[in-house]
Each structure stands twice: as C-alpha cells, then as structure tokens.
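To start, the structure under review is shown below, and the notes come after it.
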Protein chains: 2
Amino acid sequence: MKTIEQLLESKQIRVTAMRLLIYKFLAEKKVAVTLSDIENAFEKADRTTLYRTIKTFEEKVIVHQIDDGTGITKYALCEQGCNCDIKTDLHLHFHCNNCNETICLTDHKIPQIKVPDGFVSENVNLVVKGICDKCSS
Amino acid sequence: MKTIEQLLESKQIRVTAMRLLIYKFLAEKKVAVTLSDIENAFEKADRTTLYRTIKTFEEKVIVHQIDDGTGITKYALCEQGCNCDIKTDLHLHFHCNNCNETICLTDHKIPQIKVPDGFVSENVNLVVKGICDKCSS
DNA sequence: TTAACAAATGCACTTCCATTGCACTTACTA
DNA sequence: TAGTAAGTGCAATGGAAGTGCATTTGTTAA
C-alpha cells in the first residue's frame, strides 16, 4: 500500500499540500466529481489551481475525465493498475438521472463494437443512464 | 413519401419558412451539426430562432441530440420510424478525430449492457471515436 | 546557508456556448 | 377582419473552460 506521496512521486508529480488534499478528496468520493464540486469543497483555494491540478493529474493518468452527457466534465480517480491511457481498456460509466451522480463501473468492460468498413475505432465512450442502486431502493 | 410540410403538421408543428429551411438543411447534411453550423448556413436568421427551432424539433422527436464528447452538442435528424423517444431503440454515433465530424450509425444498435444489481438502465449513450471512412482512405 | 531557477499558486480577464426576457411580427381562428 | 397565440429578432445573462501574468513556494547547486 503506497502512500499518496509515494504515488505522486512515482508519477513525477511534485508533492504539495494542495495536491494531497485534492487527491484525498477524490479518493473519499465514490463518484465522479465536477470542477465545481472540488471548488465547493476547497473554498479557500483558487479555481485555477484546482483546474490545473486536475489537468496535471489527468496528464499523469491519476484521474480520468468522464463525459456523462450532462455537459459538464467530471473526473474520477483511476483504479490501481488502470490503463486509462491505453485506449482498449475502457470501462463504462453510470449516470443516475435521479441524484445526478456518475460512478465508474470499473469491472464492466465495454464490449467490442463493430463499425462499418472504412471506419477505424480508436476509442469508445459508453454512458449508461438510469437509476442507481441508492435511488432505486 | 411525405412532404416536409406534412411531416411537421403530423407532429403538430406549425409550418414556417424558417423551419422548412432548417429541416432541409439538416436533411441534406449527412452528419450531425452544431448550432454554429446552422448559424453559419443561415446568416440572416437570428441565433435564437435557430436555437428554439432545434429545441422544438427535439421535443417533437424530429431531431435528436448527440453528445460526442467534443463539448458541443450536435443535432441530427431522426430516421423515418426512429424511436428516439423510446429509450430502448438507440443507435450509436461515430466521431472522427480527424475531420471532427459526427455521424449516426443508425443500423448499428447498441448491445444490451449489463449493470450491477440495484441499478436500472434507462438509456445508453455510446460514441465511438476514431477515423471515418473518408479520412482513412 | 543562501542564491538562483523552476514549478505551483492566485488574481483578473477572456472566450465560447447555452439560455432567457421582452418587444415585435407573423400566422391561424372566431 | 379583429383578436390571440405562436414565431422571430435583439439584447443581455450565466456558466464553464481556458489564458496571461505576477507572486509565492519548493528544489537544486554553489
């Protein structure tokens, strides 16, 4: 079990107080968060810092971006051993129409999608919308 | 073969010059278009009119909205007999990373996606990204 | 230990798209 | 043909993403 510091260093990211806090915040959240969510959680910090921190995390494949169709990009931590940078290993996301939360269904891999001749598939984005387990019970 | 006028009337949409033009524009285009695309095609018309026309078409299930991950919503005509309002009849979309165009692969239905217990699937959004037939040749 | 440099942070500002309020015009209906 | 409802155009707003620059913090080497 790596500490967060070790994890960041292993990805050549400088360890700062802000980054540790943001990482912890993401780790505690089970769901994907928007920039505004982070902003609300850290009112003292500047939006730009949060924005750039997330972008750094994204580049270094610590978080991945999710486009769940709400129009607002969300972010979630990549799993241990997640290969978000490798386009063939994509999991799907579930967006709850009731509570508006989006979660990663990491162990649900996306089936192979056939495309017509002449088309080359590089990447797949799959979002299932409906009612999540919390809201349906 | 219905005329456009008949189609609009059958959906209880008042026929106006603007709406006929926009419908024709969408019908000619093989790809999904953004609001800006329409705006550029009709420079004389106001943005708001185009916006509201599209919204009307959307409500009456004449066009469907596509979220291809570019951050800009696109629109495309629903097929004859398309059941965009019925959530089980969804086709997938292909977004070309080269020419940036998005097309409907109407005859490619989305496979049934299994979700964990407690989750209820109502709707699926599937976008495949890659290189389209025109760009790959 | 400190000087020097690089990276991180904060503030202000900009841009782009989506959306709305209100006035005016056009099209149906009695 | 008058009256009303819907459609259209102009102006303005709001939210999210992104950028430039000055300041602060952290790292490295003399």
Side-chain angles (χ1 to χ4, degrees), chain A residues 4-26 32-60 62-76 95 100 102, chain B residues 4-26 32-60 62-76 95 100 102:
Chain A
I4 303 175
E5 283 89 342
Q6 285 169 340
L7 173 69
L8 293 183
E9 276 165 8
S10 75
K11 303 257 186 179
Q12 352 237 272
I13 301 176
R14 239 189 234 187
V15 178
T16 67
M18 205 62 246
R19 285 174 177 173
L20 289 173
L21 285 172
I22 294 177
Y23 189 95
K24 277 180 201 159
F25 175 74
L26 289 170
V33 297
T34 65
L35 204 53
S36 302
D37 292 335
I38 307 177
E39 208 180 332
N40 293 333
F42 300 97
E43 299 202 331
K44 288 171 214 152
D46 187 75
R47 218 176 51 74
T48 315
T49 306
L50 305 173
Y51 173 74
R52 287 199 257 239
T53 301
I54 282 288
K55 285 291 161 195
T56 306
F57 282 4
E58 211 186 326
E59 268 170 35
K60 305 292 185 178
I62 285 179
V63 304
H64 61 274
Q65 198 171 329
I66 302 164
D67 173 19
D68 64 5
T70 53
I72 303 160
T73 46
K74 297 187 177 175
Y75 303 91
H95 176 76
N100 212 32
T102 299
Chain B
I4 303 176
E5 283 90 341
Q6 285 170 340
L7 174 68
L8 293 183
E9 275 165 10
S10 74
K11 302 256 185 182
Q12 263 128 65
I13 301 175
R14 238 190 234 184
V15 177
T16 68
M18 204 63 245
R19 286 174 177 173
L20 288 173
L21 285 171
I22 294 177
Y23 188 96
K24 277 180 200 158
F25 175 74
L26 290 169
V33 299
T34 65
L35 202 56
S36 302
D37 292 335
I38 307 177
E39 209 181 332
N40 293 333
F42 299 97
E43 298 201 334
K44 287 171 214 152
D46 187 74
R47 216 191 136 65
T48 316
T49 306
L50 305 173
Y51 174 74
R52 288 200 258 237
T53 301
I54 282 289
K55 286 292 163 195
T56 305
F57 282 5
E58 211 186 325
E59 270 170 34
K60 305 292 185 177
I62 285 180
V63 304
H64 60 274
Q65 195 172 330
I66 302 163
D67 173 20
D68 63 6
T70 53
I72 303 159
T73 46
K74 297 186 177 175
Y75 304 90
H95 176 77
N100 212 34
T102 299

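Residue numbers start from 1 in every chain, and the chains themselves are labelled A, B, ... in the order their sequence lines are given, proteins ahead of strands. Since this is a predicted model, take the numbers as computed values, not measurements. Atoms considered below: every heavy atom in the structure, side chains included; atoms not considered: hydrogens, waters and symmetry mates.
One atom, CZ of A/R47, and another, C1' of C/dT15, lie 13 Å apart when rounded to the nearest Å. Distance, B/I66 CD1 to C/dC17 C1': 18 Å, rounded to whole Å. Following rounding to the nearest Å, B/L8 (CG) and D/dA6 (C1') show an atom-to-atom distance of 15 Å. Atom C1' of nucleotide C/dC17 and atom NZ of B/K74 are separated by 14 Å, given to the nearest angstrom. Taking atom NZ of A/K44 as the reference point, atom P of C/dC11 lies 14 Å away to the nearest angstrom. Here D/dT25 presents its P atom at 17 Å from CG of A/L20, a figure rounded to the nearest Å.
Aromatic rings of B/Y75 and B/F57 (six-membered ring for Trp) have centroids beyond the 6.0 Å cut-off, not under it.
Across D/dG9, C/dT9, C/dA18, the shortest atom-to-atom separation from the side chain of A/M18 is found for C/dT9. When the nucleotides C/dT9, D/dT8, D/dA17 are ranked by their closest atom to the side chain of B/T53, D/dT8 comes out on top. In the set D/dT8, D/dA17, C/dA18, C/dA18 carries the atom at the smallest distance from any side-chain atom of B/I72.
Between the side chain of A/R19 and the base of D/dG26, no donor-acceptor pair of N or O atoms lies under 3.5 Å. A donor N or O paired with an acceptor N or O is not found under 3.5 Å between the base of D/dG18 and the side-chain atoms of A/R52.
Across all strands, B/K55 comes closer than 4.0 Å only to sugar-phosphate atoms, never to a base (heavy-atom distances).
For the OP1/OP2 pair of D/dG9 and a distance below 4.0 Å, the side-chain nitrogens and oxygens of B/T48 include no atom meeting the criterion.
Inter-residue side-chain proximity for A/I62 and A/I13 is flagged as met; some heavy-atom pair is nearer than 4.5 Å.
In terms of heavy atoms, B/I38 sits closest to B/V33 at CG1-CG2, 3.9 Å. Contact detail for A/N100 and A/K74: the closest heavy-atom pair is O-NZ, 3.1 Å.
Along DNA chain C, the nucleotide nearest B/R14 and the nucleotide nearest B/S36 are compared for position; the residue whose nucleotide lies closer to the 5' end is B/S36.
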